[in-house]
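The figures that follow rest on heavy atoms only: side chains count, while hydrogens, waters and symmetry mates do not. Numbers here simply count residues along the sequence, with the first being 1. Read the numbers this way: they start at 1 and go in the same order the structure lists the ligands and their atoms.
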Amino acid sequence: MILVTGVNGQLGFDVVKELKRRKIECLGIGREELDITDKDVVFDYITGLMPECVIHCAAYTAVDRAEDEEELCAKVNVYGTENIAKACKEVNAKMIYISTDYVFDGQGDTPFEIEGNIKPLSVYGKSKYEGELKVKELLEKYFIVRASWVFGINGNNFVKTMLRLGAEKESLNVVCDQIGSPTYTADLAPLLCDMGMSEKYGVYHATNEGFCSWAEFAEEIIRMANLSCAIKHIPTSEYLTKAVRPFNSRLSKKSLIDSGYNLLPSWKDALGRYLVELK
Ligand SMILES: NC(=O)c1ccc[n+]([C@@H]2O[C@H](COP(=O)([O-])OP(=O)(O)OC[C@H]3O[C@@H](n4cnc5c(N)ncnc54)[C@H](OP(=O)(O)O)[C@@H]3O)[C@@H](O)[C@H]2O)c1
């Protein structure tokens with residue numbers, strides 16, 4: 001039996017959908033069923049359920065708000081993750097923890113290897129990295145999977161924002177100097193399910209293939225949706241946000257390839273399928 005946290009979020013929703021499609025016994029839970037920050041409740045819940053694997057998709061994901069809510073962000077992403085890991089250890093369950101490109105310092109223009117320059121620039125990135133450390137400290141049977149620029153059917157994301165604004169406005173300013181890879185939850189979910197069925201533990205990067213800037217991503221969204229809004233490329237210095245984001249979010253997939261997992265399809269292919277799913 002596989003337990004999935006964060007079922008009401010983008011990724012958790014699609015992971016449960018994929019497990020059900022494969023007819024794998026699973027349970028998706030949201031905050032109402034289990035607040036992951038409640039240590040004793042988490043322990044009792046998971047030890048009572050005895051899952052073989054926990055795919056931990058719940059997280060505090062408000063990147064800018066986290067700059068003002070450091071304690072709450074850590075409570076969920078560091079200690080909530082620790083609570084889950086401790087319970088997994090008790091019942092000898094595998095754990096899959098989803099992490100992020102924001103653990104890196106964003107310097108350079110080559111893809112980050114797994115052990116690349118880890119230096120989170122934001123409160124959120126730091127909390128996700130500390131979550132990784134908790135998982136590594138406590139468990140042997142773990143997968144840490146770093147994704148980036150996630151979009152899925154169940155929640156808000158950059159694609160939905162561009163579709164909405166692109167239909168309303170004649171032009172939009174979008175940053176062109178942050179480069180990374182979008183990740184479609186419907187493509188990541190099958191990989192996570194494969195991992196849950198395997199024993200090739202370790203740290204992985206998993207995103208759709210290919211790199212782009214946010215501006216290029218926006219242009220493709222507008223083009224595929226047949227909208228006429230112009231995308232103006234602007235530097236990050238003209239679009240300041242509370243949290244600092246990495247310029248370079250390229251992630252190397254070497255560990256995925258070395259372990260024999262399939263790479264995810266290209267981000268353009270993923271975007272095309274996502275737009276169909278949205279209709
Ligand atoms: N979104 C991205 O661009 C991105 C990029 C890289 C990595 N990731 C990682 O990918 C994973 C999935 O992201 P996502 O986009 O699917 O996130 P999401 O849509 O924000 O979903 C996260 C879910 O976690 C739940 N949650 C928050 N605090 C909780 C708590 N104390 N107890 C139980 N549940 C709680 C939220 O519930 P509520 O709705 O009740 O708050 C929400 O449903 C996360 O680990 C995230 O850090 C995301």
**Request:** Go through the steps to decide whether Tyr142 and Glu132 satisfy the test side chain to side chain contact (heavy atoms under 4.5 Å, CB included), and finish with yes or no.
**Result:** CA-CA 10 Å; Tyr142 69 82; Glu132 288 190 13; over 6 Å; no
Pull out every atom of ligand 1 sitting under 4.0 Å from any heavy atom of [X], numbered as shown with elements.
X     : answer
Asn8  : 43 (O)
Thr37 : 31 (N)
Ile98 : 9 (C), 10 (O), 11 (C), 45 (O)
Leu11 : 12 (C), 16 (O)

**Item:** From Ser127, Gly180, Ala147 - option closest to atom 6 (C) of ligand 1 by heavy atom
**Value:**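 Nearest option to atom 6 (C) of ligand 1, by heavy atoms: Ala147.
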**Asked** Nearest heavy atom to atom 44 (C) of ligand 1: which of Ser249, Ala59, Ser148 does it belong to?
**Response**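 Shortest heavy-atom distance from atom 44 (C) of ligand 1: Ala59.
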Taking distance alone, with no angle check, do [X] and ligand 1 share an N/O pair under 3.5 Å?
X      : result
Val150 : yes
Ile36  : yes
Gly9   : yes
Asp101 : no
His56  : no

**Item:** Any side-chain heavy-atom pair of Leu121 and Arg245 under 4.5 Å
**Value:**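 They are not in side-chain contact.
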Once you restrict to heavy atoms under 4.0 Å, what part of [X] touches ligand 1? Side chain, backbone, both or neither.
X      : result
Tyr124 : side chain
Cys57  : backbone
Leu34  : backbone
Arg146 : neither

**Request:** With Lys200 as the cation and Tyr261 as the aromatic partner, state whether NZ or CZ is under 6.0 Å from the six-membered ring centre and within 45° of the axis.
**Result:**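 Output yes; distance and angle both within limits.
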**Item:** Qualifying residue, where the test is side chain to side chain contact (heavy atoms under 4.5 Å, CB included) with Met95 and the options are Ile55, Thr81, Leu138
**Value:**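 It is Thr81, the one option of Ile55, Thr81, Leu138 that forms the side chain to side chain contact (heavy atoms under 4.5 Å, CB included) with Met95.
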**Asked** What is the nearest protein non-hydrogen atom to atom 13 (O) of ligand 1, stated with its residue, atom name and distance?
**Response**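 Looking at atom 13 (O) of ligand 1, the protein heavy atom closest to it is Thr61 CG2, 4.2 Å.
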